[in-house]
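Each chain gets a letter, A, B and so on, in the order the sequences are listed, and its residues count up from 1. Everything numeric in this text was worked out from a predicted model, so none of it was measured.
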2 protein chains.
Amino acid sequence: MSTTTINARDFSTSLARGLRVITAFDRDNDEMTLSEVARRADMTRAAARRYLLTLCELGYVTGDGKYFRLTPRVLELGFAFLTSMHIWERAQPFMERLTEQVNESCSISVLEGSDIVYVARVPTKRIMSVALGIGTRLPAFCTSMGRVLLADLRPSELDQFFNDGDFKPLTPHTLTDPALLREKVSEARRDGYAMVDQELEIGLRSIAVPIRNQAGRVLAAMNVSGHASRITAEEMQQRYLSPLLYAAEGIRMALA
Amino acid sequence: MSTTTINARDFSTSLARGLRVITAFDRDNDEMTLSEVARRADMTRAAARRYLLTLCELGYVTGDGKYFRLTPRVLELGFAFLTSMHIWERAQPFMERLTEQVNESCSISVLEGSDIVYVARVPTKRIMSVALGIGTRLPAFCTSMGRVLLADLRPSELDQFFNDGDFKPLTPHTLTDPALLREKVSEARRDGYAMVDQELEIGLRSIAVPIRNQAGRVLAAMNVSGHASRITAEEMQQRYLSPLLYAAEGIRMALA
DNA sequence: AACTATTGTGCGTTATACGCACATTAAGTC
DNA sequence: GACTTAATGTGCGTATAACGCACAATAGTT
């Protein structure tokens, strides 16, 4: 996670600002006026206008004379990444079988910076879900998959994670003390799994295991999550850990 | 689909070129050297290098000293669009029920330019599939969903579609004669559904209906697709059309 | 009609991004 | 090790891309 700032003359401010215009759009601002885009992207109206017109020309944005909105074409910007993760297609049958077996949702994620990013997901029938899951980012420090992924970092990488860390509590249960978090990561390393109990969200329990490659290196983490009202932490460990490990092993062999 | 070229001084070439670097990555080129990126993005090595370094700095690309690859963060560029399409979450239960009922895959797409773009998908258990479906683009002229969407265009819009059209056959069954295609679109308008039989892919049959809003305007199309060896075109129309229409009506009411 | 907010746009100026050319490094072959 | 080929790193002079301002035009509200 080394971040060395590049030579200023190698940095393209126009590209960076243009991408800021794209990311100014979000779930709550899926359509905006020119002035709103300029405010959210933190640039002058004229600059925002040029970038919006450029994105319209390229087909990534559309406008009706007053409001601008993103088009499906912007998916192509992330699509190259998504399709490059095609190896997770092979995990799908194992995840489906696991979901049927434990009757809970199942996800796979990778570590990126201080977050985990979902790369595959099979929801249980009870929870409505679309491909929204893919690309979702959650903080690594208070998720079961995050702790499993942190457990595989080298000591220097883990040190940097904790140095950069900004551990804000998301629920009254969220652990934020770096020493306690380090201990949890060590436990995950020792036990080969991690469980998180209502630290990310009240009512949410999840248990995760690593997915390794043939060399034993951790590629991703896979979890099963459920509602605290339906299963105790102890029950989750007793009933879900074995099928999780079994599915992870199947995925390991499938990826070989 | 009017494409008026904007004033050259309003067009940001740096943003456009930077985006070309991102889209240079694809399924077959998920990691590339600097020179490969420059070739695929059609720019000098020095320019490609500056954009790659900029994208690294922003976290969208990572490099190991030789190869560059996209990071999950690029999903955030398209994610704003994806989350803005959150209304399709409500379609999910109807699609799942339909998939269970007819034992085939089900998708929803919207029209963009001359393509359809998948916005929701529920695959049947037999076909391995992840969220890859979302964002997939297919030509509108030879897909059942495409013809249903074309059927709702205004005459001037439809004229432009055919004027811009480049209808290449994908299989020996693909219709490419604009007059025949117009007739198929008219049939879709008249019948309220369209069926395509092995025009996109040998062995693939699909039937689609429109999803309308309360005002009757077509928002999207939904299809069910199956293999030609398992079901005849006539059987598909007789067995799948009613449940498709029923599911589309349910989605219409759910979106209200 | 008056006022406020927003958008469109020409243009002089600034600084961003360009590509070249040379040095360095890496990889492959003999 | 020597040689060749390919790829990469980078400084820098130059051109022009992009900047923001300021004013006109439009839209919405009262």
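With salt bridges taken as basic N to acidic carboxylate O contacts below 4.0 Å, one links B/Asp166 and B/Lys168.
Judged purely by atom type and a 3.5 angstrom limit, A/Arg20 uses its side chain to pair as donor or acceptor with the backbone of A/Asp42.
Taking for each of A/Arg39 and A/Ala8 the nucleotide of DNA chain C with the nearest heavy atom, the 5'-most of the two is the partner of A/Arg39.
For A/Asp42 and D/dC19, the CG to P distance is 13 Å, given to the nearest whole Å. Protein atom CD of A/Glu36 is 14 Å distant from nucleotide atom P of C/dA5, rounded to whole Å. Here D/dA17 presents its C1' atom at 13 Å from CZ of A/Arg17, a figure rounded to the nearest Å. When the P atom of D/dT8 is taken as reference, atom CG of B/Asp64 falls 11 Å away, rounded to whole Å. What separates CE of A/Met43 from P of D/dA18 is a distance of 13 Å, to the nearest Å. Atoms CG (A/Asp10) and P (D/dT10) sit 7 Å apart, rounded to a whole Å. Between the CG atom of A/Leu15 and the P atom of C/dA17 there is a distance of 9 Å, rounded to whole Å. Rounding to whole angstrom units, CZ of residue B/Arg49 and C1' of C/dA17 are separated by 14 Å.
Listed pair A/Arg9 / D/dT10 fails the phosphate criterion, with no side-chain N or O lying under 4.0 Å from OP1 or OP2. Residue A/Thr13 places at least one side-chain N or O under 4.0 Å from the OP1 or OP2 atom of C/dA17. Here A/Ser35 does not reach the OP1 or OP2 of C/dA5: none of its side-chain N or O atoms lies under 4.0 Å away. The phosphate of D/dC19 (OP1 or OP2) has a side-chain N or O of A/Tyr51 nearer than 4.0 angstrom. An OP1 or OP2 oxygen of D/dA18 is reached within less than 4.0 angstrom by a side-chain nitrogen or oxygen of B/Ser14. Note on A/Ser12: a side-chain N or O is less than 4.0 Å away from OP1 or OP2 of C/dA17.
Closest approach of A/Arg9 and B/Arg50 over heavy atoms only: O-CD, 3.7 Å. In this structure, B/Thr54 and A/Ser12 approach most closely via the heavy-atom pair OG1-N, 2.8 Å.
For the atom pair OH (B/Tyr193) and OG (B/Ser144), the distance works out to 11.5 Å, reported to the nearest 0.5 Å.
The side-chain contact (heavy atoms from CB on, under 4.5 Å) test with A/Leu70 is passed by exactly one of A/Asp26, A/Asp30, A/Val61: A/Val61.
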Going through the distances and angles, do B/Leu52 and B/Tyr60 end up as a side-chain contact (heavy atoms from CB on, under 4.5 Å)?
CA-CA 9 Å; B/Leu52 281 169; B/Tyr60 295 110; over 6 Å; no
Given protein heavy atoms under 4.0 Å, the one-letter contact record of nucleotides 21-27 of chain D, with B base, S sugar-phosphate only and - none, is simply BB-----
